[in-house]
Trainee: 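One structure coming up, written as structure tokens, with questions to follow.
Small disclaimer: the values here were computed from a predicted structure and weren't measured. No hydrogens, no waters, no symmetry mates; every other heavy atom, side chains included, goes into these values.
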Amino acid sequence: MRTFQTLADKYDTPLYLYDFDYMRDQYNKLKEAFRAKKSLICYAVKANSNLSVIKHFGDLGAGCDCVSIGEINRALRAGVKNYKIIFSGVGKRDEEIFEALQKDILLINLESEAELQRVELQAQKLQKQARISIRVNPNIDPKTHPYISTGLHENKFGVDLDTAKRMYIKAKNSEFLDPVGIHFHIGSQLTQLEPIKEASEVVTDLVRSLKVIDINIKFFDIGGGLGIQYDDETLIEPYDYAQAIFSTLHGLDVTIMCEPGRYLTANGGYFLTKVLYEKINGDKRFVIVDGAMNDLIRPSLYNAYHKIELVNQKEEQDESLCDVVGPVCESGDFFAKNIKLPHTQHDDLIVIKSAGAYCSTMSSNYNTRGRVAEVAFDSNGDRLIRRRETFEDMIALEKDYLKD
Ligand code: LLP
């Protein structure tokens with residue numbers, strides 16, 4: 001049987017591990033919940049953009065929600081069809097818009113009036129009609145961490161209802177724009193259904209008022225944001241989520257789209273790291289491991305909680321409080337503070353859980369530490385899906401410019 005230990009021995013640490021069976025099951029649960037209506041699940045590539053992860057969802061029928069031309073090209077490279085790809089984001093370069101239009105993706109999601117003009121211009125250059133949707137900011141508090149709340153007017157995302165309506169009319173009157181979608185996304189790691197339902201009510205009202213003026217919305221995109229259990233959070237059940245959305249449609253005939261990232265991948269991911277050594281400063285105990293904030297930044301950046309366990313811990317071992325920290329030269333380089341762990345030895349293996357979303361994608365080369373390897377496993381076995389970055393990889397873009 002594969003264990004964390006055998007995989008760490010085989011691939012070395014630090015290491016990301018992804019459970020592809022878990023990810024498939026999460027996708028199927030969500031798809032099943034929306035079965036009563038036409039739906040398209042567009043995986044939010046930003047959560048985990050490894051090509052094999054994207055392909056895994058693509059093979060199950062998912063589309064992709066992308067926020068840069070880089071993500072669009074990843075989705076295409078992973079075999080996702082262009083007509084299932086949408087392009088969101090609050091700032092898009094002209095070149096990105098042009099390329100997305102050339103590649104004939106399903107929708108470009110507009111987040112401002114200025115952006116509508118830029119997209120119209122690029123579509124005109126290509127002499128084609130750009131299919132667009134508009135991101136509405138419904139001004140609803142999603143009740144999540146302020147850094148990942150996006151549906152309030154104080155956030156930079158989307159446009160208010162009046163602006164949206166004005167934009168739809170402009171788009172309808174443009175030879176180069178085809179307004180076919182509407183979108184909202186009020187935040188991430190949502191654990192309460194009510195704000196989503198409220199937002200959906202507000203947005204369906206707008207869809208109905210657009211219908212009256214002969215603007216027919218075909219794609220109703222409810223964004224991403226479904227929360228997961230890092231600790232003991234209450235969860236929104238996919239079935240309840242779907243039913244809540246259905247209840248706001250009041251007979252509208254639309255394809256429901258959603259853009260989950262975290263829900264599909266987070267709890268299928270594990271970060272394995274080895275203990276280098278322990279030290280005591282005064283009465284403070286530190287467990288120093290070979291992974292660091294550059295590999296997994298969520299605790300440092302958001303004070304986020306990730307469950308941490310000592311692999312191979314024996315029941316009778318005494319535990320005491322410690323901080324689990326990495327080798328990076330920052331006091332903020334920690335994975336956990338004041339958690340209980342038994343005394344550890346050099347090379348003991350530690351697993352950091354819920355590491356499948358916003359972990360590898362937010363990693364960096366800070367302190368010239370190479371990005372770590374990624375491995376997928378399922379009931380059939382395990383395989384490398386990203387090799388460990390070497391020193392040569394890290395200097396590849398600089399070395400040719402080195403002066404004598
Ligand atoms: N759609 C849009 C427009 C988004 O902005 C996001 C996430 C998603 C979908 C996917 O949301 P999800 O289903 O994964 O919650 N780095 C942060 C999360 C940032 C989320 C940004 N937008 C973290 O580590 O918690």
Trainee: Report yes or no: do S88 and D65 form a side-chain donor-acceptor pair below 3.5 Å?
Mentor: yes

Trainee: Give the intermediate values and the outcome of salt bridge (Lys or Arg N to Asp or Glu O under 4.0 Å) for residues D104 and R131.
Mentor: CA-CA 9 Å; D104 208 20; R131 284 179 298 276; 3.2 Å; yes

Trainee: Between K274 and D12, does any side-chain N to carboxylate O distance fall below 4.0 Å?
Mentor: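 Yes, this pair counts.
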
Trainee: Kindly write out the residues that satisfy side-chain contact (heavy atoms from CB on, under 4.5 Å) with V202, not counting sequence neighbours, or none if the list is empty.
Mentor: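 P138, I140, L161.
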
Trainee: Kindly indicate whether the side chain of V203, heavy atoms from C-beta on, has any atom under 4.5 Å from the side chain of F220.
Mentor: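 Yes, their side chains come closer than 4.5 Å.
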
Trainee: Taking atom types as modelled, is there a side-chain donor on D393 or T390 under 3.5 Å from an acceptor on the other?
Mentor: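 Yes.
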
Trainee: Between CG of N109 and CZ of F157, what distance do you get to the nearest 0.5 Å?
Mentor: 12.0 Å

Trainee: Begin from the C-alpha positions of K314 and E316 and carry the test salt bridge (Lys or Arg N to Asp or Glu O under 4.0 Å) through to its verdict.
Mentor: CA-CA 6 Å; K314 297 181 192 66; E316 65 279 8; over 6 Å; no

Trainee: Among I182, L249, V136, T248, find the one that has a side chain to side chain contact (heavy atoms under 4.5 Å, CB included) with V207.
Mentor: I182

Trainee: Considering only NZ, NE, NH1 and NH2 on the basic side and carboxylate oxygens on the acidic side, decide whether E278 and R285 come within less than 4.0 Å.
Mentor: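 Result for this pair is yes, salt bridge flagged.
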
Trainee: As a test of understanding, state which of L210, T255, L206 forms a side chain to side chain contact (heavy atoms under 4.5 Å, CB included) with I217.
Mentor: L210

Trainee: When you compare the side chains of T3 and T6, does any donor N or O come within less than 3.5 Å of an acceptor on the partner?
Mentor: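 Side chains of T3 and T6: pair found under 3.5 Å.
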
Trainee: Check side chain to side chain donor-acceptor pair (under 3.5 Å) between T361 and all other residues, then give those that pass, not counting sequence neighbours.
Mentor: none

Trainee: Tell me if the aromatic rings of Y27 and Y43 count as close, with their centers under 6.0 Å from one another.
Mentor: no

Trainee: Roughly how far, to the nearest 0.5 Å, is the OH atom of Y241 from the CG atom of L235?
Mentor: 13.5 Å

Trainee: For K170, is there an ion pair with E120 - N to carboxylate O distance below 4.0 angstrom?
Mentor: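 No.
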
Trainee: Determine whether the side chains of S68 and E96 contain a donor N or O and an acceptor N or O closer than 3.5 Å.
Mentor: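 S68 vs E96: no donor-acceptor pair found between side chains.
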
Trainee: When you look at D231 and K307, which way does the salt bridge (Lys or Arg N to Asp or Glu O under 4.0 Å) test go after all the steps?
Mentor: CA-CA 7 Å; D231 189 8; K307 203 169 271 173; 5.0 Å; no

Trainee: With sequence neighbours left out, write down each residue that passes side-chain contact (heavy atoms from CB on, under 4.5 Å) with L126, or none if nothing qualifies.
Mentor: F98, L101, Q102, K128

Trainee: Distance under 6.0 Å and angle within 45° of the ring axis: does K81 meet both against Y83?
Mentor: no

Trainee: Can you give me the closest heavy-atom contact between T265 and A357, atom names plus distance?
Mentor: OG1-CB, 3.3 Å

Trainee: Is a side-chain donor-acceptor pair under 3.5 Å present for E389 with N365?
Mentor: yes

Trainee: Could you tell me if K92 sits above the aromatic ring of F87, with its cationic atom closer than 6.0 Å to the ring centre and no more than 45 degrees from the axis?
Mentor: yes

Trainee: Between H346 and Y277, is the ring centre distance below 6.0 Å?
Mentor: no

Trainee: Does the pair D21/R24 count as a salt bridge with the N-to-O cut at 4.0 Å?
Mentor: yes

Trainee: Between R35 and E32, is there a salt bridge with N-O shorter than 4.0 Å?
Mentor: yes

Trainee: Please report the shortest heavy-atom distance between Y11 and R388, naming the atom on each side.
Mentor: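 In terms of heavy atoms, the two residues are closest at O-NH2, 3.2 Å.
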
Trainee: Please tell me whether N267 and Q229 have a donor and an acceptor in their side chains that are separated by less than 3.5 angstrom.
Mentor: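 No, Q229 and N267 have no side-chain donor paired with an acceptor closer than 3.5 Å.
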
Trainee: Are K38 and D253 close enough for a salt bridge, meaning some N to O gap below 4.0 Å?
Mentor: yes

Trainee: For the pair N137 and E111, evaluate side-chain contact (heavy atoms from CB on, under 4.5 Å) and give the outcome as yes or no after the intermediate values.
Mentor: CA-CA 9 Å; N137 182 326; E111 298 218 21; over 6 Å; no

Trainee: Whether the H306 and R298 side chains hold a donor-acceptor pair (N or O, under 3.5 Å, no angle test) is what I'd like checked.
Mentor: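 On atom types as modelled, these side chains qualify, holding a pair under 3.5 Å.
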
Trainee: Does the side chain of K340 pick up a donor-acceptor pair with the side chain of S320 at under 3.5 Å?
Mentor: no

Trainee: Can a side-chain donor-acceptor contact be found between E319 and Q313 if the only test is distance below 3.5 angstrom?
Mentor: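 There is such a pair between these side chains.
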
Trainee: With distance as the sole criterion, is a donor-acceptor pair present between the side chains of N50 and K55 under 3.5 Å?
Mentor: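 Looking only at side-chain atoms, K55 and N50 do not form any donor-acceptor pair under 3.5 Å.
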
Trainee: Of the options V324, L272, T344, which is the one that meets V289 in a side chain to side chain contact (heavy atoms under 4.5 Å, CB included)?
Mentor: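 The option that passes is V324.
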
Trainee: Shortest non-hydrogen contact from G61 to L40?
Mentor: O-CD1, 4.2 Å

Trainee: Answer yes when E99 and K103 have at least one side-chain N-carboxylate O distance shorter than 4.0 Å, and no when they do not.
Mentor: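 The answer is yes: the pair qualifies as a salt bridge.
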
Trainee: Quick test of your reading of the model: are R369 and D295 salt-bridged, counting only N-O distances below 4.0 Å?
Mentor: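 Salt bridge between R369 and D295, a charged N being under 4.0 Å from a carboxylate O: yes.
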
Trainee: So, do F4 and Y270 have ring centers that fall under 6.0 Å from each other?
Mentor: yes

Trainee: Under 6.0 Å between the ring centres of Y230 and Y305?
Mentor: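 For Y230 and Y305, the ring centres are not under 6.0 Å apart.
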
Trainee: In terms of side-chain geometry, is the basic nitrogen of K10 or D382 positioned less than 4.0 Å from the acidic oxygen of its partner?
Mentor: yes

Trainee: Can you see whether Y263 engages S188 through a side-chain donor-acceptor pair at a distance of less than 3.5 angstrom?
Mentor: no

